[in-house]
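The sequence lines fix the lettering, A, B, ..., with proteins before strands; numbering per chain opens at 1.
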Amino acid sequence: MKKQKLFAIVLTLIMAAALLAGCGSKEAPAPEPPAADGASQEAPAPEPEPEPGLTGAFMIAAAASLQNALDGDLIPLFNQANPDVAITGTYDSSGKLQTQIEEGLDAQIFFSAATKQMTALAEGGFIDSSSVVNLLENEVVLITGTDTETKVTGFENITDAEGIAIGDPASVPAGQYAQEILTSLGSWDAVNAKASLGTNVTEVLTWVAEGSAEVGVVYRTDAASMADKVKVIASAPEGSLQTPVVYPVGLSSDLGDKAEAARAFIEFLRSPEALAVFEKYGFKPL
Amino acid sequence: MVITPILISLKTASVAILFTFVIGTLLAYAINRAKNEQAKAIADAILTLPLVLPPTVAGFFMLYIFGVHRPLGSLLAGLGIKLVFSWQATVLAAVIISLPLMYRSARAAFDQVDPIYLEAARTIGLAESKIAYKILFPLAAPGLTSGGILSFSRGLGEFGATAMIAGNIAGVSRTMPLAIYSAVVGGRDEEAYGYVLILVIVSFLFVWGISIITEARSGRYRLKTRT
């Protein structure tokens, strides 16, 4: 009897611990930094980069929403012109990257999805504040599934939808923006009462793509990443967002011998060619 | 702390256990009687999968079956039933995730029944259905009960699959685990503590109940066999 009671108690404690652990570790998994893209093509086309024989290696820490554009297009494009530069990309939420850089992540470039983290790192002396440029803007948009019928035509009549999906404003930035927009339109309370709150933007996207929710609020880049399954109904009304969603990029204050390659890459990111790529992924160049 | 997640969770787990208990027991009964050992092993494996897969993966499969653009989902939609994002979906998630616990407990419980009793019943010409009802199920009762309690507790704590197919809608599908998650990531720790405390206490009481029941039963069984 004693033994079994004890077993039950231990089991319950383990379950409780597992529950707590499970809740704590639900953050988006950090993708392993892919090993330096060795796709060094033998095509030394004299692209925008003036330095002909640029060599070196550096690491770029970028917001997860930039991964497709960087890994998929921009880094290979840069390597076409500069085959001898090895670029490592590490992608995560901007807040996590900020912590990692503060804890010693040796990244020469930080490309954040919000000014808050960039400012904090610049103030902490980790980022050279004179190098920080606001490069891109992302928009907050209202989406629906391509196969979903909806009467909703914009944020103004979002409450006509049967199911609404937004990020949980308590923890998801896209959800905070949604709350800000809907509060300014006076419909936040009505939406909050019936909306399904996603734990991250991807969950919101899946709900809408699968038709579980009639409409959802995500970034334009998220919508572009699933263009075959979701379509944009409207972007946030003018003036409903106080702070635009800006993506700043900046250089580490301690570049060492990696300065040249890192600076060249930032120059490249600001070139019309690179900005056109960002546009393809749903960003708005600033 | 809002009380609706607690009520929703209790309601979901209570309704789910009715389905889980009946389906799990009947499946175990049918598969126990099957002759083909290989088929049995495959059935065991399939029915255990939801237990070992991450609930998000199980939820993913459910979404691909019951989603409004998917086979079963569109069929239901044609009948005017939208399962996803409803309270019913929380029950579905709880049933599928907790079924393996019920199934495996019932299988083990049936296996442990000494076949001699069943053979004896057959020699006096009792119908199979009566043997099951009068002899097999009563003898397997402790195992079935503990399986039921485990399944109920598992249904109470279901999170991943629920979020996938039922969403996280206040007053509809926001169960306690979802409320806990929202509270924790939102930094509302006191709210999380409240739900966690309730969930741990309820689960503890139920799981504790298992040992009390199995202890009492096995005690009686021992006495009987000795005499």
Task: Greater than 12 external heavy atoms within 6.0 Å of Phe126(A)'s CZ - done: yes
TODO: Give a yes or no on this: more than 12 heavy atoms of other residues, nucleotides or ligands lie within 6.0 Å of atom CD of Glu102(A).
DONE: yes
TODO: Look at atom CG of Leu79(B) and say whether more than 12 heavy atoms of other residues, nucleotides or ligands are closer to it than 6.0 Å.
DONE: yes
Open item on the list: Can you confirm whether Tyr29(B) is buried at OH, in the sense that more than 12 heavy atoms of other residues, nucleotides or ligands lie under 6.0 Å from that atom?
Closed with: yes
Open item on the list: With a 4.5 angstrom heavy-atom cut-off, is it the side chain or the backbone of Ala213(A) that approaches chain B, or both, or neither?
Closed with: both
Open item on the list: Can you confirm whether the side chains of Asp168(A) and Ser182(B) place a donor and an acceptor under 3.5 Å from each other?
Closed with: yes
- [ ] Mind listing the closest non-hydrogen atom pair of Ser212(A) and Leu63(B) along with its distance?
- [x] OG-CD1, 3.9 Å
- [ ] Taking Asn168(B) for its side chain and Gly198(A) for its backbone only, find out whether a donor-acceptor pair lies under 3.5 Å.
- [x] no
Task: Distance-minimising heavy-atom pair for Arg174(B) and Leu197(A) - done: NH2-CD1, 3.3 Å
- [ ] Using a heavy-atom cutoff of under 4.5 Å, enumerate the residues of residues 82-99 of chain B that contact chain A, numbered in order, or state 'none'.
- [x] Lys82(B), Val84(B), Phe85(B)
Task: Under 4.5 Å from any heavy atom of chain A - which part of Phe66(B) - done: neither
Open item on the list: Among Gly171(B), Ala170(B), Ala163(B), which residue has the highest count of heavy-atom pairs closer than 4.5 Å to chain A?
Closed with: Ala163(B)
Task: Closest non-hydrogen atom pair, Met164(B) against Trp207(A) - done: O-NE1, 3.5 Å
Open item on the list: Tell me if a side-chain donor or acceptor on Ser196(A) pairs with a main-chain N or O of Gly167(B) at a distance below 3.5 Å.
Closed with: no
Open item on the list: Can you give me the closest heavy-atom contact between Glu210(A) and His69(B), atom names plus distance?
Closed with: O-CD2, 3.6 Å
Task: Smallest separation among heavy atoms of Arg188(B) and Ala170(A), with atom names - done: NH1-CB, 3.5 Å
